[in-house]
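For reference, the structure is listed below as structure tokens.
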Amino acid sequence: MRTTFTGVSGLSSPPDVAVVVDVMRAFTVAAGAFRRGAERIVFAETLDEALELKARHPGWLAFQDGPVVPGFDLANSPARLRSLDVAGRTVVQRTTAGTAGALAVAGARLLLCASFVVAGATAAVLRRERPAEVTFVVTGDGGRAEEDLACAQYIAGRVADDGLDPGPFVDRARNSEAAARLAEGVRLGWEGIHPEDVPLCLETDAFPFAMAAARENGHLVLRPVADG
């Protein structure tokens, strides 16, 4: 399996198989929502689109990143997600990195979205599918996020070696600029950030499913995929 690691700006055309990585925090939140029973996640291109979808569909929830925005149910915090009832619900998610990266490769034949919590299951899907080439899309910091690159490289390594030690990869994420920014946000009391967000984002292989996105009724929709 040939691997390419790139940011969105490095994409010239949709790859055949793409793994879009956002560790802190979009796809950790998405995985947590599925773990808590969410049915599906619809990716929105803008905040306005997310709120419009929520307004048209009573019972849907809307998640965004950054400071708390009126009308949204969650500001992309995996820790704060634990107090929200998402069982059986559809979630609309819009973030500046993860969901934007997924939408950029929406034409891929196989599109997986990943973070450390679903890394092993994501690798298992790739091992089962046996693609000739996989493009890992690093979404944070304009494609330079160390935590996303570390997670992508861990997933790629797990395809070949299912016993690969996650420790060195997690350490890179723990010492990343994104982790430092979240810690600073906690110190300054920024809305939408919880002290447990970084530890939750660093939990490795916590959930037994991968996450695959595909077009449904004009929207890019993410659903869990059981390992095996």
Side-chain angles (χ1 to χ4, degrees), residues 20-44 47 49-51 53-54 57-102 112-122 139-140 145 147-148 151 170 173-174 176 178-179 181-213 220-226:
V20 183
V21 182
D22 188 334
V23 171
M24 297 184 188
R25 296 170 289 170
F27 296 147
T28 301
V29 167
F34 287 132
R35 183 63 168 176
R36 295 178 61 81
E39 179 182 351
R40 60 178 183 164
I41 295 175
V42 179
F43 292 151
L47 294 176
E49 181 189 2
L51 291 178
L53 284 168
K54 179 184 174 182
H57 300 278
W60 285 22
L61 302 170
F63 297 173
Q64 42 75 221
D65 58 357
V68 175
V69 175
F72 283 84
D73 300 283
L74 187 76
N76 216 39
S77 164
R80 296 186 188 280
L81 172 67
R82 295 179 299 191
S83 64
L84 192 62
D85 181 9
V86 299
R89 310 284 285 274
T90 292
V91 173
V92 182
Q93 189 179 36
R94 186 271 179 187
T95 71
T96 55
T99 65
L112 302 172
C113 296
S115 60
F116 276 110
V117 294
V118 294
T122 304
T139 62
E147 74 282 1
D148 293 342
C151 182
V170 174
R174 183 179 293 111
S176 67
R181 285 196 299 269
L182 288 173
E184 179 71 358
V186 169
R187 188 182 70 82
L188 295 174
W190 292 350
E191 286 187 300
I193 300 176
H194 190 281
E196 294 181 46
D197 280 351
V198 170
L200 288 172
C201 289
L202 298 178
E203 289 187 355
T204 307
D205 305 329
F207 304 146
F209 55 82
M211 301 185 295
L220 187 62
V221 176
L222 188 69
R223 295 182 183 272
V225 178

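None of these values were measured; they are calculated from a predicted model. Numbers here simply count residues along the sequence, with the first being 1.
- When every heavy atom of L200 is checked against every heavy atom of T28, the shortest pair comes out as O-CG2, 4.0 Å.
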Going through the distances and angles, do L61 and L74 end up as a side-chain contact (heavy atoms from CB on, under 4.5 Å)? CA-CA 8 Å; L61 302 170; L74 187 76; over 6 Å; no

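- From T95, atom OG1 reaches atom CZ of R25 across 10.0 Å, with rounding to the nearest 0.5 Å.
- With values rounded to the nearest 0.5 angstrom, H194 atom NE2 is found 11.5 Å from L81 atom CG.
- A salt bridge links E184 with R187; the closest basic N to acidic carboxylate O contact falls under 4.0 Å.
- In this structure, F34 and F209 have perpendicular ring planes: the angle between them is above 60°, well past the 30° mark.
- The CZ atom of F43 sits 4.0 Å away from atom SG of C113, with the distance rounded to the nearest 0.5 Å.
- Contact of the C201 side chain with the P78 side chain is registered, since non-hydrogen atoms from C-beta on lie closer than 4.5 Å.
- Taking both residues in full, the closest heavy atoms of G98 and D22 are given as N-OD2, 2.8 Å, listed atom of the first, atom of the second, then distance.
- Scanning both residues, A33 and I41, for their nearest heavy atoms gives CB-CD1, 4.4 Å.
- Sorted by first then second residue, the salt bridge (charged side-chain N to carboxylate O under 4.0 Å, His left out) pairs that include residues 79-90, not counting sequence neighbours, are R82-E196.
- Here D73 pairs with K54 under the side-chain hydrogen bond (donor to acceptor under 3.5 Å, both in side chains) rule; sequence neighbours left out.
- With sequence neighbours left out, D65 forms a salt bridge (Lys or Arg N to Asp or Glu O under 4.0 Å) with no residue at all.
- Using a 4.5 Å heavy-atom threshold, the side chains of Q93 and V29 count as touching.
- Between M24 and V198, the shortest heavy-atom distance links the atoms CE-CG1, 4.2 Å.
- Contact record, S77 with G192: CB-O, 3.5 Å, taken as the closest heavy-atom pair.
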Does the pair T90 and H57 meet the rule for a side-chain contact (heavy atoms from CB on, under 4.5 Å), with working shown? CA-CA 9 Å; T90 292; H57 300 278; over 6 Å; no

Please report the C-alpha distance between F27 and T122 in whole Å, then the side-chain angles of each, then the deciding distance to 0.1 Å, and finally whether the side-chain contact (heavy atoms from CB on, under 4.5 Å) criterion is met. CA-CA 12 Å; F27 296 147; T122 304; over 6 Å; no

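- Interatomic distance, CZ of F63 versus CG of N76, reported as 8.5 Å (0.5 Å rounding).
- Proximity of V92 to R94: side-chain heavy atoms (C-beta onward) are nowhere separated by under 4.5 Å.
- Put simply, CG on L202 and CG on D197 are 10.5 Å apart, with the number rounded to the nearest 0.5 Å.
- Here the closest non-hydrogen pair linking R35 and P208 is NH1-CD, 3.5 Å.
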